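Computed over heavy atoms, backbone and side chain alike; hydrogens, waters and symmetry mates excluded. Just so we're on the same page: letters track the sequence lines, and every chain starts at 1. These numbers were taken from a predicted model, which means no experiment stands behind them.
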Number of protein chains: 2
Amino acid sequence: MRRTKAEAEETRNSILHAAERVFYEKGVSNATLDDVAKAAGVTRGAIYWHFSNKTDLFLELYNSVSLPLEDMIARDIEQPASGVLAFIEKLTVDWLDELASDEHRQRIFTILLRCGYGEDLMPVLERQQEVDDRHIASLESAFARAGNEGYLSANWTPQSATKALWWMVGGLCTEWLLFGRRFDLAAEGREGLKRLFASFRPATIDVAARAPADVHSIA
Amino acid sequence: MRRTKAEAEETRNSILHAAERVFYEKGVSNATLDDVAKAAGVTRGAIYWHFSNKTDLFLELYNSVSLPLEDMIARDIEQPASGVLAFIEKLTVDWLDELASDEHRQRIFTILLRCGYGEDLMPVLERQQEVDDRHIASLESAFARAGNEGYLSANWTPQSATKALWWMVGGLCTEWLLFGRRFDLAAEGREGLKRLFASFRPATIDVAARAPADVHSIA
DNA sequence: AGCCATACAAACAGATATGTATGTTAAAAT
DNA sequence: ATTTTAACATACATATCTGTTTGTATGGCT
């Protein structure tokens, strides 16, 4: 049954896709390689041919999506300082929209959230932290540029604004993913971000403004 | 080797404590009952005497801490509307302080965060959501009382303020617990909450206030 | 004092997952 | 055309882990 190289690559991908579904449904450590094999329509022999063991399969699964994950940072935030806040807000809203519509990412994130990180898959954890740190640094510098030119409320510093945004989005996504997606991620996120970014901007006429002026937040 | 009732209760507790440590270190589904037994200084026979199986042990472990977990909501927020925001802020800061200093709660929360919730321990998930929902409702009503008397910025609604606070605290704790407690939870939380609650309050003199007036936020 | 239920330990049986070794077929290489 | 070797399937050997059963010494009750 020797297959052609293209076919072999095909089965390898089908194994990865099956692993994603099975790991998501049963949890990484609770899923057996036979589950993955059956879900992929092959036997465990095929898995052991393409991967050396389960943790290796998990690592390869992570690698197969880590690049599109990191490219978010690629698009540098090179905007005129006056538009930086709106740009970050739009970027975040877009990110939420993507997550809400891409079941692939949802499964990957969910798996990563509750996989446990027991000794062997520490490299995943470290790469994740590294990506996060760079992302946070990028956000901080953007907020700093806005702040230097007076576009950031005196209430906030670049660091605190970055953390507030990071934690709020993180908490939002975590609750949505871990607790059964019980609400509209994109809509709730958009609403919350609108309020948060309104508080980031220096107030012009906030006193006695009972009816919110509904300043457009994006563009 | 029949022990007295007090001694039996003692071993039961030591099993629960051992389960907490082992579940935290190896993950619930990855930990074996023999690990727990050895950590507790007993054999599996003792565990099967006190508990019917692993999920039952997990449920009892959860029950042993769920009450002190729920009592947070007990202390109702019965404050004069003018002090509600400061009271909520102090409550949240206290909560973070407690978590930061109580390794017991840290382990429980970490276990709950990454335990996977596979079919059998759905009751835990449902009770958790129920507690959360009541807590959120309580916060919302408190913010609503503040808002009705003009103590909430026009930027925020009771619902949006509740969610922003909830998600930010959740994201903060999740990152701290899941990623190795790499920062000072209490300090960072206090700082972030100070900024967030400052944005919750209606602005009196925000225009041209370049130096943050460092309004005391608690008491 | 004697009896029985309790609180375990130790041994056993069954299922399941893992890793490896071997078999098989067809695609490449020669 | 043969030989080789890649790409699997199948079979097996081993190690856990679980659930249950059996043994047993003691505490508490009469």
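- Cation-pi geometry between A/R195 and B/W156 is not met at under 6.0 angstrom from the ring centre and within 45 degrees of the axis.
- Side chains of B/T157 and B/T162 form no contact here, defined as non-hydrogen atoms less than 4.5 Å apart.
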All N/O pairs under 3.5 Å across the protein-nucleotides 28-30 of chain D interface:
from: D/dG28; atom 1: OP1; to: B/T4; atom 2: OG1; distance (Å): 3.0

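- B/S14 contributes a side-chain N or O that, together with a main-chain N or O of B/T11, makes up a donor-acceptor pair within less than 3.5 Å.
- Taking 4.5 Å as the limit, every side-chain heavy atom of B/V36 sits out of range of all side-chain heavy atoms of B/K26.
- Separating the NZ atom of B/K38 from the P atom of C/dA9 is a distance of 13 Å, rounded to the nearest angstrom.
- Closest to the side chain of A/A8, from the set D/dA7, C/dC8, D/dA9, is D/dA7.
- With hydrogens and angles left out, the side-chain atoms of B/R201 and A/N155 include no donor and acceptor closer than 3.5 Å.
- In this pair, B/F23 and B/F58 present their aromatic rings tilted. The plane angle is within the 30 to 60° band.
- Each of B/E7 and B/R44 was assigned the nucleotide of DNA chain C with the nearest heavy atom; the assignment lying further toward the 5' end belongs to B/E7.
- Contacts between residues 19-33 of chain B and DNA chain C, counted as heavy-atom distances below 4.0 Å, involve no residue at all.
- Looking at A/E188, A/E191, A/E175 one by one, the single match for salt bridge (charged side-chain N to carboxylate O under 4.0 Å, His left out) with B/K163 turns out to be A/E188.
- Within the 4.5 Å cutoff, the side chain of A/L16 has heavy atoms near those of the A/F51 side chain.
- For the residue pair A/S29 / B/S29, a side-chain donor-acceptor distance below 3.5 Å is found, with atom types taken as modelled.
- Across residues 45-59 of chain A, A/G45, A/A46, A/W49, A/H50 each have a non-hydrogen atom less than 4.0 Å from an atom of DNA chain D (numbered order).
- Distance, B/R12 CZ to C/dT6 P: 16 Å, rounded to whole Å.
- Between A/C115 and B/R114 the shortest side-chain heavy-atom distance does not fall below 4.5 Å.
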